[in-house]
Colleague: 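The structure follows.
Remember, it's 1-based here, ligands and their atoms both numbered in the order they're listed.
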Amino acid sequence: MSALKVLSVVSELYPLIKTGGLADVAGALPGALAAHEVEVRTVVPGYPSVMAALEIASTVVAIEELWGGPARVLAGKAAGLELFVVDAPHLYARPGSPYQAPGGADWQDNAVRFAALSWIAAQIAMGAVPAFVPDVVHTHDWQTGLVAAYLTYDGRRRPGVVTTIHNIAFQGRFPASLMPMMGLPSYAFGMEGIEYYGGIGFLKASLRFADRITTVSPTYADEILTPENGMGLEGLLNSRRAVVSGILNGIDDTVWNPATDPLLPAHYTVSSPLGRRLVRTELCRRFGLVDDPKAIVFGVVSRLSWQKGLDLVLAGMDKILALGGQLVLLGSGDADLTAGFQRAASTNPGRIGCTIGYDESLAHLIQGGSDVILVPSRFEPCGLTQLCALRYGAIPLVSRVGGLADTIIEANEMAIDAGTGTGVVFSPLSQEQFEGALTRVARLHADPTLWRRLMRNAMKTDVSWSRSAGRYADLYRGLVVERGA
Ligand SMILES: Nc1ncnc2c1ncn2[C@@H]1O[C@H](COP(=O)(O)OP(=O)(O)O[C@H]2O[C@H](CO)[C@@H](O)[C@H](O)[C@H]2O)[C@@H](O)[C@H]1O
């Protein structure tokens with residue numbers, strides 16, 4: 001079997017640049033696919049952190065003028081990933097996040113920045129770099145949604161395109177007035193093209209033109225076909241239903257490994273769990289909590305946004321405290337939630353601790369030291385935190401939506417004994433059901449033997465990429481066969 005060449009195109013990539021789970025997936029999948037004879041190169045913008053990490057690189061494409069300035073594509077390696085970096089300083093050499101200025105406002109020219117990324121990727125897809133002509137192009141989310149449109153309107157023979165929806169809430173909608181700047185023929189602006197509710201729709205374009213549409217769990221693949229969860233794209237998705245599927249995310253089990261994790265103060269495994277107690281003690285110390293072995297330490301690592309349902313946690317704080325619980329939270333985002341959690345922490349010192357910001361090593365400490373990880377999302381395409389929690393023996397308490405429903409199995413006593421139960425799952429999303437789930441988890445925690453078995457079930461769950469990488473490899477190969485025929 002000769003290696004299949006895949007060009008992945010993405011706006012963030014762990015460990016070089018990350019705002020959320022998209023980066024984790026794009027960073028881990030190439031390594032997992034290598035085991036399936038799939039060779040991945042990733043096209044990524046030349047943000048400052050990417051440029052700084054790039055090892056020996058050579059210029060493989062040079063462009064005098066790319067939407068307002070010169071650009072070049074550098075082929076090189078960083079953090080073990082094979083990359084094509086789009087070095088266009090006028091678009092990407094900025095402080096702040098990939099999408100926002102340091103003050104938190106979206107960059108004014110995001111449409112142009114990600115159209116440029118997509119256009120370059122389309123050129124590489126069509127052979128601009130003879131040393132790597134891909135068999136398949138894999139795009140992710142709205143930022144790279146125009147790749148499929150550029151390839152289609154170009155008209156030349158093109159590789160098949162797979163697009164993955166990581167979150168349908170982010171759609172990349174821009175004013176129609178930008179159309180002349182998109183580098184597409186004017187007739188592309190229509191319902192059968194990239195027009196979306198009177199504007200330009202980047203995600204819409206990818207759903208219209210990609211050969212395969214995937215999302216990150218089977219349940220979310222069903223959910224986005226409905227008006228409740230399709231966020232306006234359900235009609236288009238239903239018309240393309242035959243090519244829509246869900247492939248569960250995994251996590252990088254070398255980065256997330258409690259037996260070796262350099263970000264943990266002690267190590268542990270399923271069969272030798274004692275080190276976990278030391279991690280928990282350090283977690284309590286870091287958050288100023290009383291180190292009480294009987295208390296249940298609830299942990300949250302999350303973007304603070306409406307999607308994640310953390311308002312339920314805030315409203316359920318009295319319940320958590322009444323159950324003898326404590327809470328540690330790490331997150332950033334919404335100002336009201338931030339203020340709410342900060343207030344809760346300052347009125348309950350020793351029992352609630354909160355850190356606002358983004359902190360990779362603290363995220364590992366919370367996973368390694370908490371007893372329970374809370375993920376009460378309103379919708380969740382897959383979710384990675386509950387997968388990390390399983391691996392680290394923190395019991396996930398989740399809402400029954402999307403990938404949370406697909407990855408966590410309700411743990412009553414029978415299910416724990418049978419070796420299947422791994423967490424606590426509630427539905428529908430309401431304060432009452434959430435608090436009912438808190439009571440259930442507290443009941444399980446009160447029985448140390450049961451809890452140990454539950455932790456063992458959680459830690460033995462396969463949350464690696466191995467199965468899902470095989471599914472992507474099959475999808476790519478099927479597409480190559482179809483397009484070659
Ligand atoms: N303050 C903080 N400090 C440190 N680390 C933090 C952090 N806040 C979050 N993280 C980490 O970032 C990642 C977020 O993963 P999620 O699955 O929750 O992704 P997100 O909702 O961003 O992405 C979308 O894409 C992913 C990938 O497909 C889907 O799993 C998900 O459902 C979908 O909403 C986790 O690894 C988490 O530990």
Colleague: Which heavy atom of the protein is the closest neighbour of atom 37 (C) of ligand 1, given with residue, atom name and distance?
Modeller: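 For this ligand atom, the closest protein heavy atom is Thr385 CG2, 3.7 Å.
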
Colleague: Closest non-hydrogen protein atom to atom 32 (O) of ligand 1, residue and atom name please, with distance?
Modeller: Glu380 OE2, 2.5 Å

Colleague: Could you tell me which atoms of ligand 1, counted from 1 in the order shown, lie closer than 4.0 angstrom to a heavy atom of Pro381?
Modeller: 32 (O), 33 (C), 34 (O)

Colleague: Which option, His364, Lys308, Gln307, owns the non-hydrogen atom nearest atom 21 (O) of ligand 1?
Modeller: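 Nearest heavy atom to atom 21 (O) of ligand 1 lies in Lys308.
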
Colleague: Under a 4.0 Å threshold between the charged nitrogen and the carboxylate oxygen, would Asp109 count as salt-bridged to Arg94?
Modeller: yes

Colleague: Mind checking whether His138 and Tyr476 have parallel, tilted or perpendicular rings, split at 30° and 60°?
Modeller: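 It falls in the perpendicular class, over 60°.
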
Colleague: Does Gly357 come within less than 4.0 angstrom of ligand 1, counting non-hydrogen atoms of the residue?
Modeller: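 Distance cut 4.0 Å: Gly357 passes for ligand 1.
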
Colleague: Give me the residue, atom name and distance of the protein heavy atom closest to atom 19 (O) of ligand 1.
Modeller: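 Scanning the protein heavy atoms, the shortest distance from atom 19 (O) of ligand 1 goes to Gly21 N, 3.3 Å.
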
Colleague: Any nitrogen or oxygen of Glu360, side chain or backbone, less than 3.5 Å from one on ligand 1?
Modeller: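 No - when backbone and side-chain N and O of Glu360 are compared with those of ligand 1, no distance drops under 3.5 Å.
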
Colleague: Atom NE2 of His140 and atom CG of Leu22: how far apart are they, to the nearest 0.5 Å?
Modeller: 7.0 Å

Colleague: Any salt bridge linking Arg378 with Asp311? Criterion: basic side-chain nitrogen under 4.0 Å from a carboxylate oxygen.
Modeller: yes

Colleague: Out of all atoms in ligand 1, which are within 4.0 Å of some heavy atom of Asn167? Include the element for each.
Modeller: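 Those qualifying, in numeric order: 34 (O).
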
Colleague: Can you tell me which portion of Asp24 lies within the under-4.0 Å heavy-atom range of ligand 1? Options are side chain, backbone, both, or neither.
Modeller: side chain

Colleague: When you look for heavy atoms under 4.0 Å from ligand 1, do you find them on the side chain of Ser302, its backbone, both, or neither?
Modeller: backbone

Colleague: Which protein non-hydrogen atom lies closest to atom 2 (C) of ligand 1, naming both residue and atom, and how far is it?
Modeller: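 The closest heavy atom on the protein side is Tyr358 CD1, 3.4 Å.
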
Colleague: Would you mind finding which of His166, Lys18, Glu12 brings a heavy atom closest to atom 25 (O) of ligand 1?
Modeller: His166

Colleague: Tell me which part of Asn249 gets within contact of ligand 1: side chain, backbone, both or neither, using heavy atoms under 4.0 Å.
Modeller: side chain

Colleague: Which atoms of ligand 1 have any heavy atom of Gly331 under 4.0 Å away?
Modeller: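 Atoms satisfying the 4.0 Å criterion: 1 (N).
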
Colleague: Please indicate whether Arg173 has more than 12 foreign heavy atoms, meaning atoms of other residues, nucleotides or ligands, lying under 6.0 Å from its CZ.
Modeller: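 Check passes, neighbour count above 12.
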
Colleague: Determine the minimum heavy-atom distance between Glu223 and Asn229, stating which atoms define it.
Modeller: O-CB, 3.2 Å

Colleague: Could you check Leu207, Leu203, Ile165 and say which one makes a side chain to side chain contact (heavy atoms under 4.5 Å, CB included) with Gln171?
Modeller: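 When side chain to side chain contact (heavy atoms under 4.5 Å, CB included) is applied between Gln171 and each of Leu207, Leu203, Ile165, only Leu203 qualifies.
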
Colleague: With a 4.0 Å heavy-atom cut-off (strictly under), which part of Val25 contacts ligand 1: side chain, backbone, both or neither?
Modeller: side chain

Colleague: Can a salt bridge be assigned to the pair Asp291 and Arg277 using a cut-off of 4.0 Å between side-chain N and carboxylate O?
Modeller: yes

Colleague: For the rings on Phe114 and Trp107, is their centre-to-centre separation under 6.0 Å?
Modeller: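 No; Trp107 has its ring centre 6.0 Å or more from that of Phe114.
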
Colleague: Given Ser332, Ala389, Gly383, Gly20, which has its nearest heavy atom closest to atom 29 (C) of ligand 1?
Modeller: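 Going through Ser332, Ala389, Gly383, Gly20 one by one, Gly383 has the nearest heavy atom to atom 29 (C) of ligand 1.
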
Colleague: Counting only nitrogen or oxygen atoms and a 3.5 angstrom limit, does Cys388 reach ligand 1?
Modeller: no

Colleague: Is the Tyr392 ring parallel, tilted or perpendicular to the Tyr268 ring (thresholds 30°, 60°)?
Modeller: perpendicular

Colleague: Which heavy atom of the protein is the closest neighbour of atom 17 (O) of ligand 1, given with residue, atom name and distance?
Modeller: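 Nearest protein contact, heavy atoms only, for atom 17 (O) of ligand 1 is Leu384 N, 2.8 Å.
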
Colleague: Checking a contact table here: which protein heavy atom is nearest atom 3 (N) of ligand 1, and how many Å away?
Modeller: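 The closest heavy atom on the protein side is Asp359 N, 3.1 Å.
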
Colleague: Supply the atom-to-atom distance Leu289 CG to Leu283 CG, rounded to the nearest 0.5 angstrom.
Modeller: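 Answer rounded to 0.5 Å: 6.5 Å.
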
Colleague: Compare Val216, Val301, Val300 and give the one whose heavy atom is closest to atom 10 (N) of ligand 1.
Modeller: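 Among Val216, Val301, Val300, the closest heavy atom to atom 10 (N) of ligand 1 belongs to Val301.
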
Colleague: Is the shortest distance from a Lys or Arg side-chain nitrogen in Lys18 or Asp24 to a carboxylate oxygen in the other one below 4.0 Å?
Modeller: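 Looking at Asp24 together with Lys18, the answer is yes, because their closest N to O distance falls below 4.0 Å.
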
